[in-house]
Amino acid sequence: MLFDSTLSLKHNVQIMKARNFRYIRPDSLQHAYRILEENGGDAVPIAGGQSLLAGLNMRLSAPKLLVDIGGLKELAGQSQRDGTIRLGALTRHGELLQSDLVRKQLPLLAQAAAHIGHVAIRNRGTLGGSLAYADPAAELPACSVALRATLVLGSAAGEREVKAEDFFKGLFETDLRPGELIVAVKFPAPQANTTAGFAELARRRGDFALVGLAAMVSARRDRIEGARLVYFGCVDRAKVAASVSVAVSGLAMPVLDTAAFEREIRQDLTPDDTPGLRAETKLHMATVLTRRVLNSLVMQAAS
Amino acid sequence: MNTNTRSSTGIGARVPRLELQRLLSGRGRYIDDIKLPRMLHVCFVRSPHPHARIVSINVEPAKQARGVEAVLTAADINPRCEPFVGVALHRPGHRSAPQLLLASERAVWQGQPVVAVIADSLAEAEDAAELVAIEWAPLPVVGDQMQAIAPGTPAIHPELDDNVAFDFSLERGEPAKAFAEADYVIEEEFRFERQMAMTLETRGLIADFNPGDGSLTVIHAHQSPFQMQDVFSRHLKIPEHKVRVIAPDIGGGFGMKLNLYVDEMAAVVASMVLGRPVKFCVDRLESFVSDAQARDHRIKARIAFMKSGEIVAMEMDDIAAVGAYGMPMRFNVAEGMMAITITGAPYSFENYKARTRSIYVNKNLIGMYRGVGMPLACIATELLTDLAADKLGIDTVEFKRRTYRPKSSLPCITPGGQRLETVSFHECLEKLVELIDYDALRKEQRKLREKDVFRGLGIATFCEQTAYGPPYYGPSGAPISTQDGCNLRLEPSGSVRCVTSLTDQGQGTLTGIAQIVADTIGVSIEQVGVIGGDSSISPYGGGAWASRGMAIGGEAALRAGTMLKHNILALAGTITQTPPEALDIIDGQVVNTRTGQPVISLADVGRIGYFRQDTLPPDHDVQLSVSASFVGNDKMYYMANGVQASYVEVDCETGFIKVLGQWAVDDCGRVINPLLVDGQVRGGIVQGIGAVLYEECIYSDDANLLNGTMADYLVPMADEMPDIVVAHVETPEASTKLGAKGIGEAGLIGAMGSVWVAVNDALKPFGARVRHQPFTPERVLDALARARSGRR
Amino acid sequence: MTDLVGHEDVDIEATLNGKPLKRRVKARQHLADFLRQELELTGTHLGCEHGICGACTVLIDGRSVRSCLTLAAQISGKSVDTIEGLSQSGRLADLQKAFIERNAAQCGFCSSGMLLTAYELVSTGEAASRAEIREYLSGNMCRCTGYHAIIDAVEAVIAARTAGARQS
Ligand SMILES: Cc1cc2nc3c(=O)[nH]c(=O)nc-3n(C[C@H](O)[C@H](O)[C@H](O)COP(=O)(O)OP(=O)(O)OC[C@H]3O[C@@H](n4cnc5c(N)ncnc54)[C@H](O)[C@@H]3O)c2cc1C
Ligand code: FES
Ligand code: FES
């Protein structure tokens with residue numbers, strides 16, 4: 001979901017020009033922290049702007065000060081050390097697609113990034129922005145949970161680390177505290193016998209998914225040994241679908257029958273009815289998608 | 001017409017459009033690109049409720065806001081404009097309440113304008129608009145047509161007693177008897193949700209009232225400047241010769257920019273009140289609640305046929321929700337009327353019964369949009385005949401071959417009342433069958449079904465009424481001109497300047513006109529300059545709608561070209577002392593037809609004609625500017641036709657549909673420029689696919705729009721759309737020299753039909769049928785679930 | 001003293017269509033409005049102002065971006081190219097020619113965005129299938145052409161450019 005389409009109609013005016021605000025471009029991360037501390041709730045960071053500015057144009061929110069963190073070197077860059085891959089918060093979606101490091105070590109992210117919007121969106125939108133925005137239909141929050149990522153959060157008070165699965169608290173809600181920024185995301189390099197699986201159902205290329213699945217699965221021969229499945233588009237936030245993950249473990253591949261995990265899908269997923277799509281339909285789609293993702297892994301393994 | 005067909009730019013040639021280099025360099029000039037001195041910007045405060053009483057309005061804080069020039073309400077605006085009553089006088093019984101510019105006591109749709117805020121910039125107008133405080137008392141809402149006609153539902157407009165705007169029935173032959181005696185009857189229900197035209201450029205205008213001389217100039221992104229000249233003059237009481245309407249470059253129209261909008265009128269009134277230019281450009285969110293919408297029909301249709309394969313009767317019952325008022329000038333009964341009158345047109349049958357009702361609901365107005373009711377007729381006809389063929393165990397193509405109206409029956413009037421003269425159903429079908437390699441596709445389809453891949457092939461035949469004539473609108477009382485005109489002038493240097501009454505929203509009409517003029521006179525297209533869309537300088541005319549530009553405006557250009565050529569040759573004859581009959585114009589040179597030798601250049605004719613009249617005999621009357629108009633006096637419309645095919649794949653687990661291929665064979669009479677015609681067909685097809693698969697204004701039961709952004713209203717984008725193959729059959733219109741019929745709507749009509757049939761073809765192995773447009777994944781899955789549980 | 005509060009007006013220094021640009025801009029003004037209203041570069045169009053249609057596409061540091069989802073203030077230190085500049089420099093010439101020959105524009109409202117996105121694609125110098133071209137242009141809405149002619153045009157330019165690259 002990009003934004004709630006009904007919101008603007010609840011007002012008297014349909015508006016496309018943002019309200020007034022101030023703008024500042026900090027010179028350093030420390031400077032950014034001080035600005036955020038000084039201005040409290042009035043200040044909002046802007047990274048790629050691909051979610052924030054659409055909302056501002058429609059006057060769905062009204063920050064007093066935008067803090068442009070887009071030029072901060074401390075938030076950029078990719079590195080790998082001791083089995084951990086660290087991606088700066090400003091890593092663009094497009095870079096996920098192109099980076100050799102990501103493609104090799106974290107293919108799930110590269111696969112997912114291809115589904116985020118369109119080239120112009122991917123040229124600006126950032127990893128940190130996507131995680132901070134915590135859209136329940138977004139790809140990257142789900143992937144970061146599936147990949148057991150850890151977020152590095154910083155503020156004037158210093159840095160702390162939070163596991164992705166603890167970071168997402170609810171619909172557009174995260175563990176970010178006032179004045180805090182996402183600095184980077186750390187991913188453990190996946191183990192050798194695990195494979196990434198990804199699929200989503202979106203009406204058009206680049207649209208937010210009706211239902212999507214990011215999966216890390218380990219298998220031995222034709223049997224699934226362990227799975228970490230994270231759905232998006234049909235949950236309020238990115239979290240491990242615990243019951244389904246357990247239910248599919250031990251299944252022989254290809255999975256032909258979905259009976260083994262249909263009940264668990266209903267336990268783990270909490271879709272709402274949305275205009276033109278009932279929750280029941282989303283559950284059905286999630287079931288189909290789960291089978292397809294699992295079976296695509298067999299094909300991957302075979303080839 | 002010049003028989004010299006060597007020309008690479010003449011009639012029939014693939015001439016690239018003259019204005020494209022400009023448009024592709026960012027040098028177009030669209031309405032929002034234009035600034036006038038002292039120009040103000042208006043933004044409207046609109047009703048957030050589908051139906052509510054206005055308890056109070058406080059505009060004081062808004063008036064104090066920075067940059068604000070005025071905040072105007074109904075009391076300031078409405079008295080200056082004669083109210084609109086959108087009824088078609090040629091449709092007896094059609095009723096509408098009068099529509100005022102701004103809501104005064106009550107709002108009857110979500111988005112109805114209430115207050116106009118005028119400021120130095122749009123951002124400031126929006127800042128101030130947020131400060132306008134309106135207290136609302138919500139009223140009971142009439143959400144859809146079924147609720148609207150249910151007993152006990154209150155009338156939206158109490159003066160009309162109920163919510164029925166229009167109720168029309170027709171009957172030919174003996175349908176009741178035919179249905180009773182038929183071997184088979186198939187009945188289907190169809191539902192078409194509301195959709196939008198969604199031009200990429202939104203609506204807009206700049207109104208410039210000059211208090212100095214009481215004149216009004218409106219630069220208007222509108223398809224028909226003459227219609228608006230009339231409306232501004234009549235409703236704002238300004239003498240017509242003081243009103244000038246100019247259409248700039250326009251970012252798409254599709255009929256939507258043909259309607260009349262109260263917010264646009266209010267912006268013009270604001271300019272009159274303030275005596276300054278006022279710009280009103282609808283923003284995207286506003287377009288969702290203020291642009292005329294389209295469709296919103298529920299149709300029941302039946303077909304009766306015999307074991308022999310003969311169709312004996314059809315029936316249509318249409319109920320349309322047309323919004324809160326009749327659409328001024330363009331009405332909103334046309335979709336229903338076209339749907340019921342065109343149904344069945346390509347097929348032989350005698351007995352027909354039909355009814356259409358237009359119903360008021362608390363929603364935005366339905367207006368003109370590409371295809372109007374024609375796709376509904378095509379869909380009902382083609383789905384029913386396809387099912388009939390199945391029932392008979394006959395291949396659908398073979399069934400069409402047998403039951404299309406034979407050429408020998410032409411001209412004829414169909415049971416729905418359509419006059420068919422030069423249609424070519426059989427030729428189009430045969431060409432299509434060859435083009436798509438029909439048998440191979442069917443074979444592939446059967447093979448894939450064994451592997452649980454469900455593909456469908458749909459073929460749809462359609463008729464397209466184009467270029468309405470005076471008998472169509474004349475009796476309606478609407479001052480809508482069905483003529484068009486063309487001024488031509490030989491310039492002293494030998495080039496030709498053309499002013500047409502047409503407008504161009506991207507169709508390429510102006511290039512087509514240049515081709516016709518160039519070809520008729522005998523000059524190259526580079527020697528012809530064309531402008532259109534200015535009500536003060538061209539001959540009177542209709543503008544762009546109903547696929548009429550080339551057919552009517554083109555004929556006017558052809559006639560003007562013939563006149564100018566005649567005059568040029570007369571002058572050249574006098575100068576060179578040759579009988580004009582012995583002269584012709586080829587490649588910009590006057591030549592001797594016998595020898596083929598050039599005798600004088602057009603530049604010399606022009607030079608002498610304008611500057612050296614002293615060298616001519618005193619009685620030689622030089623007329624190097626001519627004007628011609630054309631209207632097909634006795635014709636309701638021209639009738640174009642065609643056949644399209646869609647090949648689709650349905651993912652029966654997820655309900656997702658992919659269009660794999662689309663083919664169109666079209667007969668629009670003489671093709672002036674295949675490049676333009678193919679563009680119209682392909683563009684229309686993608687809008688048609690969009691309508692069937694994606695586009696829908698989703699409303700809650702109480703008429704609140706739920707998807708009013710482009711993120712949630714899905715338009716077809718490049719990745720989902722197929723390649724489209726286009727071919728032509730050319731059967732010229734018999735009543736004009738040019739022989740062109742229209743093409744603007746054909747693509748959309750046929751594509752909607754063929755995609756409907758194709759998707760339902762793919763679902764046949766399940767016994768499932770999807771009949772609720774758009775075919776969202778959920779609706780497809782629901783159809784499959786219904787079939788599984790034994791319902792259809 | 002370090003600034004901690006920011007300003008409603010922001011000074012920017014950037015490169016626009018190859019020339020240096022120094023301006024004071026309103027913080028709330030998006031890049032498209034800045035180009036269109038302040039600089040009167042009206043070739044960049046607005047179709048939605050919420051990021052969906054692609055009509056407002058410009059290049060920043062050579063990459064396609066939505067100018068309705070970029071603040072004018074954000075271009076400081078960057079290089080911006082618009083349809084006007086790319087047309088004048090001739091860098092779009094082969095795409096424009098291909099578009100004209102195939103009638104890949106009707107009303108022309110989508111064309112600036114379409115051309116700039118296509119330019120980014122053809123500038124990679126890599127071959128692309130029709131499906132890949134469609135995917136690349138999937139964020140640019142065209143309501144008029146049905147896309148087919150646009151895909152034809154871009155395909156032709158890619159073919160010509162890659163052939164040229166092989167020869168040289
Ligand atoms: C047409 C379109 C299609 C899209 N499709 C998709 C899609 O399919 N899938 C998808 O996932 N997304 C999609 N997006 C959204 C896109 O991915 C955004 O880029 C992303 O959601 C936000 O990243 P950003 O850098 O643009 O953040 P911004 O818009 O700059 O910021 C978003 C929010 O995060 C905060 N923020 C940003 N960076 C940080 C940080 N480092 N620390 C703390 N807070 C921060 C901001 O204050 C703001 O509240 C789409 C957007 C558009 C316009
Ligand atoms: S105007 Fe920027 S994407 Fe539509
Ligand atoms: S040409 Fe009109 S939107 Fe593309």
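Each chain gets a letter, A, B and so on, in the order its sequence line appears, and its residues count up from 1. It should be emphasised that the depicted structure is a prediction, and the values quoted were computed from it without experimental measurement.
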Okay, Pro722(B) and chain C: the region with an atom under 4.5 Å from a heavy atom over there is backbone
As an exercise: rank Glu49(C), Arg130(C), Glu101(C) by heavy-atom pairs under 4.5 Å with chain B and give me the winner. Arg130(C)
Looking only at heavy atoms, the pair that brings Tyr30(B) and Phe109(C) closest together is OH-N, 3.6 Å
In Å, rounded to the nearest 0.5 Å, how long is the span from CG of Asp719(B) to CZ of Arg134(C)? 8.0 Å
Part of Arg28(C) within contact of chain B (heavy atom distance under 4.5 Å): side chain
Does a sphere of radius 6.0 Å around CZ in Arg27(B) hold more than 12 heavy atoms from other residues, nucleotides or ligands, not counting ones at 6.0 Å or beyond? no
With chain C as the partner, which of Val681(B), Asp283(B), Asp127(B) has the greatest number of non-hydrogen pairs under 4.5 Å? Asp127(B)
Considering only heavy atoms and a distance below 4.5 Å, find which of Gly108(C), Gly54(C), Cys142(C), Ala55(C) pairs most often with chain B. Gly108(C)
Beyond-backbone contact of Met710(B) with His50(C), side-chain heavy atoms, under 4.5 angstrom: yes
Value rounded to 0.5 Å, distance of NZ in Lys26(C) from OG in Ser121(B): 7.0 Å
Side chains of Thr145(C) and Arg682(B), heavy atoms from C-beta outward: is any pair under 4.5 Å? no
Picking from Asp678(B), Ile689(B), Val686(B), Leu122(B), which has the most non-hydrogen pairs under 4.5 angstrom with chain C? Val686(B)
With a 4.5 Å limit on heavy-atom distance, are the side chains of His45(C) and Leu200(B) in contact? no
Most chain B-contacting option - heavy-atom pairs closer than 4.5 Å, from Ser87(C), Gly43(C), Ala104(C), Gly139(C): Ser87(C)
Counting only heavy atoms closer than 4.5 Å, note whether Ala197(B) contacts chain C via side chain, backbone, both or neither. backbone
Rounded at 0.5 Å granularity, tell me how far CD in Gln680(B) sits from SG in Cys144(C). 8.5 Å
Check whether any side-chain heavy atom of Glu201(B) sits under 4.5 Å from a side-chain heavy atom of Cys110(C), and report yes or no. no
Taking every heavy-atom pair that is under 4.5 Å apart, which of Ala131(C), Cys48(C), Ala149(C) has the most such pairs with chain B? Cys48(C)
Side chain, backbone, both or neither: which part of Asp249(B) has a heavy atom under 4.5 Å from chain C? neither
Residue Arg22(B) excluded, over 12 heavy atoms near CZ under 6.0 Å: yes
Report the distance from atom CD of Gln106(C) to atom CD of Gln505(B), rounding to the nearest 0.5 Å. 11.0 Å
If you count the non-hydrogen atoms of other residues, nucleotides and ligands that lie under 6.0 Å from CD in Glu8(C), is the total more than 12? yes
Side chain, backbone, both or neither: which part of Gln29(C) has an atom under 4.5 Å from a heavy atom of chain B? neither
What part of Glu84(C) gets closer than 4.5 Å to chain B, counting heavy atoms only: side chain, backbone, both or neither? both
Straight-line distance of Asp32(B) CG to Arg36(C) CZ, nearest 0.5 Å: 5.0 Å
Quick check on Gln21(B) against chain C: is it the side chain, the backbone, both or neither that has a heavy atom closer than 4.5 Å? both
Please determine, among Arg284(B), Met717(B), Glu720(B), the option with the most heavy-atom pairs under 4.5 Å with chain C. Met717(B)
For Lys97(C), look at atom NZ and say whether over 12 heavy atoms of other residues, nucleotides or ligands are found less than 6.0 Å away. no
If one checks every heavy atom of Ile100(C) against chain B at 4.5 Å, the contacting part turns out to be both
Rounded to the nearest 0.5 angstrom, the CZ-SG distance for Phe254(B) and Cys107(C) is 6.5 Å
Contact part of Asn140(C) toward chain B, heavy-atom cut-off under 4.5 Å: side chain, backbone, both or neither? backbone
Got Arg14(B) and Asn103(C) here, is their nearest side-chain heavy-atom distance under 4.5 Å? no
Give the minimum heavy-atom separation between Ala105(C) and Leu24(B), together with the two atoms involved. CB-CD2, 4.0 Å
